Participant: 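What follows is a structure written as C-alpha cells; I'll ask about it next.
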Amino acid sequence: MIRSGVAAGAAAGALLVVLLGGGLAFTPAAAQDASQGQVRALIEARRHAVLSSEIPGRIARMGVDAGQGFKAGDLLVAFDCSSYQAELDGARAQLNAAEVTARVNRRLNSLRSIGEAEVQLAEAKVQVARADVRKAEVQARRCDVKAPFDGRVVERRIQEHESVAAGTPLLEILSDRDLKVELIVPSSWLVWLKPGQRFDLRVDETGITLPGEVLLPGAKVDPASQSVKVTAKLAGEAAPAGLVAGMSGTALFPEPAVSSLPAGNQGGGNQGIAKSGTAKQ
C-alpha cells in the first residue's frame with residue numbers, strides 16, 4: 001500500500017500540467033530545462049482584435065480574405081449603405097428647413113411681427129436637426145469598416161451578401177509586425193528576473209535565434225505549478241520576415257543568473273511537489 005501510494009504521488013506530480021496564456025505548459029520536464037536556463041516561449045501579436053458590426057445591414061463587399069495583409073485605414077468590409085445614406089439626406093434636408101425657418105423668424109422679430117418665443121423655438125429646432133444630422137453621419141460612417149492598424153486577417157467570419165445584426169463578429173485581425181513573447185518561468189526566478197534582462201530566443205519553426213528582453217514579470221504566481229507568466233519583447237528594431245504570431249521556441253537565459261539561485265530551487269514547483277510527496281510516504 002505504501003509503495004502504491006508513492007507511485008500514485010509520483011504519477012500525480014508527472015501529470016500536473018498548468019496551461020497559461022496561449023497554451024504554454026510548465027511540467028517536470030520543463031522544470032528540468034529551467035534549471036539549465038531554458039524555458040518555453042510563445043510569440044504573440046501585441047495588437048489583436050475581432051472587428052464586429054456596429055450596425056445591422058447587408059455586406060456589400062469584403063475587401064480582404066483570410067491571410068491577406070492590409071494597411072491602417074484600408075477598407076476591410078463595406079455594408080450596403082443606401083438606407084443609411086437616405087436617412088442622412090433626410091436629416092440634412094430637415095436641418096436646412098429648420099435653418100430657413102429660424103432666419104425668417106429672426107427677420108420677423110426684428111420687424112416686431114412675432115415674439116421672441118417663436119424665435120427661440122425655431123432656433124431650438126435647428127439644434128435638434130443638427131443633432132439628427134450628426135447621428136445620421138455616424139451611422140453612415142459605420143457602413144465602412146476600416147483597418148485600425150497595419151496587419152493581416154486571421155479569420156473571416158462572414159461572406160459577401162450576408163445580412164448581419166449589430167454586434168456580429170466580422171473579421172479577426174492581428175498586427176504581424178508588432179510582436180511580443182510570452183514565457184512561463186519558475187517562480188523562484190523572480191528573485192533575479194527583472195525588466196531589461198536579456199535572453200536568446202531560438203524559434204522552433206525557423207531555427208533562427210533572436211535577441212529578447214524581459215518587459216514585465218508576471219503579477220501572480222500559479223500555486224499548483226509554482227510558475228509565472230513573463231512578458232518579453234524581441235530586442236531587434238523589427239521582427240524578421242517569416243516570423244508570425246503563434247510560433248514557439250526556447251528562451252535561453254544566461255547561466256550565471258540561473259546558477260545564482262539556491263541549490264534545489266532552480267527548477268519549478270512540480271519537482272518539489274513530487275519529491276515532498278515521496279518524502280512523506
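Note that this is a predicted model, so its numbers are computed, not measured.
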Participant: Indicate the atoms forming the closest heavy-atom contact of E155 with R157, along with that distance.
Facilitator: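 Shortest heavy-atom separation between E155 and R157 comes out as OE1-NE, 3.2 Å.
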Participant: First locate atom CD1 of I184, then atom NZ of K229, and finally report the distance between them rounded to the nearest 0.5 Å.
Facilitator: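 The distance works out to 6.0 Å.
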Participant: Between D222 and Q226, is there a side-chain donor-acceptor contact under 3.5 Å, judged purely by atom types and distance?
Facilitator: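 No, no side-chain donor-acceptor contact under 3.5 Å.
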Participant: Testing V100, D132, V133 for side chain to side chain contact (heavy atoms under 4.5 Å, CB included) with L95, which one passes?
Facilitator: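 Single pass found, and it is V133.
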Participant: Within the 4.5 Å heavy-atom criterion, are V228 and V185 side-chain neighbours or not?
Facilitator: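 The answer is yes; the side chains approach within 4.5 Å.
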Participant: Going through the checks in order, is the side chain to side chain contact (heavy atoms under 4.5 Å, CB included) test met by V153 and D65?
Facilitator: CA-CA 7 Å; V153 178; D65 208 341; over 6 Å; no
Participant: Any heavy-atom pair between the side chains of L201 and T209 that's under 4.5 Å?
Facilitator: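 No, their side chains stay 4.5 Å or more apart.
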Participant: For the pair D176 (side chain) and V244 (backbone), establish whether a donor and an acceptor sit closer than 3.5 Å, ignoring hydrogens and angles.
Facilitator: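 No; zero donor-acceptor contacts below 3.5 Å.
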Participant: Run the numbers on I173 and V154 for side chain to side chain contact (heavy atoms under 4.5 Å, CB included), then give the verdict.
Facilitator: CA-CA 5 Å; I173 62 173; V154 177; 5.8 Å; no
Participant: Do you know which two heavy atoms are closest between K146 and G73, and how far apart they sit?
Facilitator: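 Distance-wise, the nearest heavy atoms are CD-O, 3.7 Å.
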Participant: Out of curiosity, R46 CZ to L174 CG, how far, rounded to the nearest 0.5 Å?
Facilitator: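 Going from the CZ atom of R46 to the CG atom of L174 covers 13.0 Å.
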Participant: Let me see the working for E137 and K135 under salt bridge (Lys or Arg N to Asp or Glu O under 4.0 Å), right down to the final yes or no.
Facilitator: CA-CA 5 Å; E137 287 174 342; K135 180 180 178 180; over 6 Å; no
Participant: Decide whether V50 and L170 are clustered together by the hydrophobic rule: side chain heavy atoms of Ile, Leu, Val, Met, Phe, Trp, Tyr closer than 4.5 Å, transitively.
Facilitator: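 No, V50 does not connect to L170 through the hydrophobic network.
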Participant: Check this for me, if you would: do R40 and D204 make a salt bridge, where the nitrogen-to-carboxylate-oxygen distance has to be below 4.0 angstrom?
Facilitator: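 So R40 pairs with D204 through a salt bridge.
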Participant: Tell me whether the count of non-hydrogen atoms from other residues, nucleotides or ligands lying under 6.0 Å of NZ in K125 goes above 12.
Facilitator: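 No, NZ of K125 has 12 or fewer neighbouring heavy atoms, counting only those of other groups under 6.0 Å.
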Participant: Can you see which heavy atom on L252 is nearest to which on R202, and at what distance?
Facilitator: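 In terms of heavy atoms, the two residues are closest at CD1-NH1, 3.6 Å.
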Participant: For the side chain of Q120 and the backbone of A117, is there at least one donor-acceptor N/O pair under 3.5 Å apart?
Facilitator: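 Not confirmed, Q120 side chain does not pair with A117 backbone.
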Participant: With a 4.5 Å cut-off on side-chain heavy-atom distances among I, L, V, M, F, W and Y, is there a chain of contacts connecting L215 to V181?
Facilitator: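 No, L215 and V181 fall in different hydrophobic clusters.
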Participant: Give the intermediate values and the outcome of side chain to side chain contact (heavy atoms under 4.5 Å, CB included) for residues K194 and Q197.
Facilitator: CA-CA 6 Å; K194 306 298 181 185; Q197 173 67 52; 5.7 Å; no
Participant: How many angstroms lie between CD1 in I55 and OG in S83, if you round to the nearest 0.5 Å?
Facilitator: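 I55 CD1 to S83 OG: 7.5 Å, rounded to 0.5 Å.
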Participant: How long is the gap from CG on L234 to CG on L243, to the nearest 0.5 Å?
Facilitator: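 Taking CG in L234 and CG in L243, the distance rounds to 6.0 Å.
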Participant: Are V138 and L88 joined in one hydrophobic group, where the rule is that I, L, V, M, F, W and Y side chains link up if heavy atoms are under 4.5 Å apart?
Facilitator: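 No, no single cluster joins them.
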Participant: Looking only at heavy atoms, what is the nearest atom pair of A251 and L183, with distance?
Facilitator: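 Shortest heavy-atom contact: CB-CD2, 3.8 Å.
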Participant: Would you sort out whether D150 and R177 count as a side chain to side chain contact (heavy atoms under 4.5 Å, CB included), showing the intermediate values?
Facilitator: CA-CA 8 Å; D150 295 353; R177 307 307 296 166; over 6 Å; no
Participant: Sequence neighbours left out, what passes side-chain hydrogen bond (donor to acceptor under 3.5 Å, both in side chains) with R198? Give chain and number order.
Facilitator: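 Here the qualifying residues are E213.
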Participant: Can you tell me how far CD of Q38 sits from CG of D200, rounded to the nearest 0.5 angstrom?
Facilitator: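 Rounded to the nearest 0.5 Å, the CG-CD separation comes to 11.0 Å.
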Participant: For residues A102 and V126, report the shortest heavy-atom separation together with the two atoms involved.
Facilitator: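 Looking at all heavy atoms of both residues, the shortest contact is CB-CG2, 3.8 Å.
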Participant: So, using ring pair (Phe, Tyr, Trp, His ring centres under 6.0 Å) as the criterion, who are the partners of F199 when residues are at least two apart?
Facilitator: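 For F199, the residues satisfying ring pair (Phe, Tyr, Trp, His ring centres under 6.0 Å) (neighbours in sequence not counted) are F253.
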Participant: Over all heavy atoms of both residues, which pair between S53 and F79 is shortest? Give the atoms and the distance, please.
Facilitator: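 That closest heavy-atom pairing would be OG-CZ, 3.3 Å.
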Participant: With a sphere of 6.0 Å drawn around CZ of R107, does it hold more than 12 non-hydrogen atoms of other residues, nucleotides or ligands?
Facilitator: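 No, because the 6.0 Å sphere around CZ of R107 holds 12 heavy atoms or fewer from other groups.
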Participant: Shared ILVMFWY cluster between L190 and W192, side chains joined below 4.5 angstrom?
Facilitator: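 Hydrophobic grouping puts L190 with W192.
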Participant: Between R92 and E87, is the closest basic N to carboxylate O distance under 4.0 Å?
Facilitator: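 No.
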Participant: Decide, yes or no, whether a salt bridge links E123 with R106 under the criterion of side-chain N to carboxylate O below 4.0 Å.
Facilitator: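 Salt bridge flag = yes for R106 with E123.
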Participant: In Å, rounded to the nearest 0.5 Å, how long is the span from CD of E99 to OG1 of T101?
Facilitator: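 If I round to the nearest 0.5 Å, the distance is 10.0 Å.
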Participant: Is M62 linked to L75 within one hydrophobic cluster, defined over Ile, Leu, Val, Met, Phe, Trp and Tyr using a side-chain heavy-atom separation of less than 4.5 Å?
Facilitator: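 Shared cluster, no.
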Participant: Can you sort out the partners of R58 under salt bridge (Lys or Arg N to Asp or Glu O under 4.0 Å), two or more places apart, ordered by chain and number?
Facilitator: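 Partners of R58 by the salt bridge (Lys or Arg N to Asp or Glu O under 4.0 Å) criterion, ordered by chain and then number, come out as D80.
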